Amino acid sequence: MAGVLEDKEPSESTSEEQLLINNAKTLNSNRQRAYTGYCLELHPRYDPVSPKKANSGAKMSPVRVTDMHSVQSVWGWLQRNMLLILTFMGVIVGVTLGLGLRAADPNAITILLISYPGELFIRMLKLMILPLIIASLISGSASLNADMSGRIVYRTVLYFLATSLLNAILGVVLVIAIHPGSPVTKQVLEGEVTSKLDANSNILDGFLDLGRNLFPDNLFQASFQQVHTVYEEKQVLIRHHNDNSSDFENLDFSTEMVPQVKYRAGTNTLGIIVFCLVFGSLLGSLGKKGAVVVEFFSVIDMVILKIVTGIMWLSPLGVASVIMSKILSVDNLGTVMSNLGLFIVTVVIGVFIWQWIIQNLLYFLFVRRNPINFYFNLLEPWVTSFATASTAATLPITFRCMNDKCGVDPRISRFVLPIGATVNMDGTALFVSVGTIFIAQMNEIPLSMGEYVTIAITATAASVASASVPSAALVLILIVLTTVNLPAGDVSLLFTIDWLVDRFRTTNNTLGDCYSAAIVAHWSRGDLKSMDMDAGIDPTVPSHYHEDPEKPADLTPLVSRSHQVNEAQLHAPPALLKGIESPVKNSPVINCVMKNSPILNSTELIVEVETVPPQDKITNI
């Protein structure tokens, strides 16, 4: 267990090694476990208390961790990541069986039965969305003041707009460089599908609908319906002015397309978010009067996350079922892939360039931490978003991973993730840019530099106004095509591969929300620390440990040590710890390391032990 380190200067006669040994034997009355003692051997060229006293002429050694039981360590890693491994196996099984069963040409009933487990899995995930958003946003905004909430929303929206614009620009660059569009593609696929999209949609209607959904007129209706604009035919009476004919002959009827505001099925997530933010902020301002209500929503949030944990174990079967049924339900798969394969490759290359390079680079520049660990901690939301093709449906699992694995302050993740699921559409902006220029290339229509800029900006604006539902990007492509006067009917050709491309771009949307939450949390760390100090809360302990009634007893430090590190020491190499005796009787030590913590601004001691059952990982506070 890592201890919270207090600022005390050790006596000159006490060696650092002996100081660690003495403090490691400290017992805690709140725990039933006791340390049997530590034998610590520090690296000779690193002094954790005063690095300046170390051998300044020697080069610092790299990070080293003593692995005392490699077999137990591997088995422990498998136990901790069992769900992730099973989910990836579900993806592989779904793709393999889906391609293999196409030769058997299963009928519609067989495909329905294959898709049934996946349908139930997605329905359970969607069931958790509404209570999770309401509980997390109200409890999260109640724990912050109004000014802090405003700053978080401001930073979040600006970052979302910037990343969406970068994705749109990346899509424009890639589609120009690869040039996937060809007139032959249109000739082969023309007539395969018919467009079911409203050709009268425009970006103005999208933003007007965005405003209407921000402020719903009925909160209960917003839980299952959204506002959208549709165009309907209307007979208009026209009177011709002609003095030589009667009034009856001057009358004529004409058909016009008139916009109508209608409701469609789907949760109005944006309106519920706005209401919960206002409600929670005002609830927090009531102080003790509203404490009971805040606690009520905090407990609901914990209960929902526990339910999500159980649902996550169904993800291997659900993911395999969804992918298998989608592959089996596609007609003329070989023809479609052979003609639109280069378009798919262009989108997928853009998705992974953003995820693996640009997004991780932004995380490293802003947060100054290793982005690889953060990325791998989000593999479960990645796989789930790939299977469901919906950021909103993945939201419960994303919440769980951000809180448990990534260590992002839940007060920030409760804000950013629900907003991002509705507003942040990085992958959609990339797809819309690629799809629009692809249609221009397919029709051999040259575009000017100004039109490329218009496409990038319009794709960004349209993605912000899009709904968090599958295949919404096809409607956005139609809007952008209309803006730059390109053939709108050709968007129907993309229906044949949208089931696949939609999954890849949704992973961009989901990971974009997670990375945004981490970066906004880093930008807001000073405000959060000041607010904690004003409230009398220890800022060295993450805020969610104060909220969860199950955690304080388990997180009371067993080890305390008299040293605080400064900013310059945060990047110093850790001390090497060897010969550690287990703090838990009859439980072997897997590995241990003492390292600097940029989160807590302190040196921390981490010891990992193996218990049967379960495995107990004693980690930092």
Side-chain angles (χ1 to χ4, degrees), residues 82-84 86-87 90-91 117-141 222-224 266-270 272-273 276-277 280 297-319 321-322 377-425 467-470 503 506-518 544 547-548:
M82 183 61 67
L83 179 59
L84 178 61
L86 292 176
T87 305
V91 174
E119 179 187 350
L120 295 182
F121 172 66
I122 295 176
R123 291 172 69 91
M124 285 188 286
L125 286 178
K126 290 183 177 180
L127 177 65
M128 297 294 105
I129 295 174
L130 189 59
L132 183 61
I133 289 177
I134 293 175
S136 63
L137 276 177
I138 291 179
S139 59
S141 57
S223 64
F224 57 87
T267 304
N268 180 8
T269 309
L270 201 57
I272 294 175
I273 287 173
C276 292
L277 288 178
F297 283 106
S298 298
V299 173
I300 290 180
D301 186 34
M302 289 190 294
V303 171
I304 296 298
L305 289 178
K306 289 181 181 296
I307 297 175
V308 171
T309 302
I311 296 175
M312 287 170 64
W313 285 100
L314 301 176
S315 60
L317 177 61
V319 167
S321 172
V322 170
N377 286 333
L378 296 172
L379 287 180
E380 288 177 23
W382 191 99
V383 176
T384 307
S385 62
F386 182 84
T388 61
S390 174
T391 309
T394 314
L395 196 57
I397 293 179
T398 308
F399 265 111
R400 187 71 182 176
C401 289
M402 289 292 285
N403 291 343
D404 292 353
K405 292 186 175 182
C406 299
V408 176
D409 194 309
R411 292 174 291 182
I412 302 299
S413 61
R414 287 169 176 171
F415 265 73
V416 177
L417 294 181
I419 297 174
T422 306
V423 176
N424 184 35
M425 296 292 163
S468 181
V469 295
R503 282 159 167 72
T506 302
T507 62
N508 244 22
N509 299 339
T510 300
L511 291 187
D513 298 343
C514 299
Y515 276 81
S516 300
H544 58 287
E547 301 174 357
D548 194 339

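Values in this document were obtained by computation on a predicted structure and should not be read as measured data.
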### Task
Check R411, R414, K306, R400 against D301 for a salt bridge (charged side-chain N to carboxylate O under 4.0 Å, His left out) and give me the one that passes.
R414
#### Entry: Approximate separation, where rounding is to 0.5 Å, of N508 CG and D513 CG
10.5 Å
### Task
Evaluate side-chain contact (heavy atoms from CB on, under 4.5 Å) for L137 paired with F297, printing each intermediate quantity in order.
CA-CA 9 Å; L137 276 177; F297 283 106; over 6 Å; no
### Message
Keeping T510 on the side-chain end and T507 on the backbone end, is there a donor-acceptor pair under 3.5 Å?
### Response
no
### Message
Given 3.5 Å as the limit, does a donor-acceptor pair link the side chain of S136 with the main chain of L132, or not?
### Response
yes
### Query
Would a distance-only check, ignoring hydrogens and angles, find a side-chain to backbone donor-acceptor pair under 3.5 Å from T267 to S223?
yes
#### Entry: Spatial distance of atom OG1 (T87) from atom CE (M82) [nearest 0.5 Å]
11.0 Å
### Task
Check whether any side-chain heavy atom of L378 sits under 4.5 Å from a side-chain heavy atom of C406, and report yes or no.
yes
### Message
Checking the side chain of R503 only, and the main-chain atoms of A387 only, is there a donor and an acceptor separated by less than 3.5 Å?
### Response
yes
### Which atom of L83 lies closest to which atom of M312, heavy atoms considered
CD1-O, 3.1 Å
### Message
For a quick test of reading the model, state the closest non-hydrogen atom pair linking S413 to V408 and the distance between them.
### Response
CB-CG1, 4.4 Å
### Query
With a 4.5 Å heavy-atom cut-off, do L305 and N403 have their side chains touching?
yes
### Query
Taking C-beta and beyond as the side chain, do S315 and V383 meet within less than 4.5 Å on heavy atoms?
no
### Task
Given side-chain contact (heavy atoms from CB on, under 4.5 Å), test L317 with F121 step by step and report yes or no.
CA-CA 8 Å; L317 177 61; F121 172 66; over 6 Å; no
### Task
Report yes or no: do T394 and T384 form a side-chain donor-acceptor pair below 3.5 Å?
no
### Query
Quick one: CE on M425 to OG1 on T506, what's the gap to the nearest 0.5 Å?
8.0 Å
### Query
How close do I273 and I133 get, heavy atom to heavy atom, and via which atoms?
CG1-CG2, 4.1 Å
### Task
Could you tell me whether the side chain of I397 reaches within less than 4.5 Å of the side chain of V308, counting heavy atoms only?
yes
### Message
To the nearest 0.5 Å, what is the distance between CG on L511 and OG on S516?
### Response
10.5 Å
### Task
Might you point out which heavy atoms bring P117 and S321 nearest each other, and give the distance in Å?
CD-OG, 3.6 Å
### Query
Which atom names give the shortest non-hydrogen contact between S141 and G280, and what distance separates them?
OG-CA, 3.1 Å
### Task
Decide yes or no for T398 and C514: does some side-chain heavy atom of the first lie under 4.5 Å from some side-chain heavy atom of the second?
yes
### Query
Looking only at heavy atoms, what is the nearest atom pair of M124 and L314, with distance?
CE-CD1, 3.3 Å
### Task
Can you measure from CG (L395) to OG1 (T269) and round to the nearest 0.5 angstrom?
8.5 Å
## Note on the structure
One should read off an interatomic distance between I138 CD1 and I300 CD1, to the nearest 0.5 angstrom, of 8.5 Å
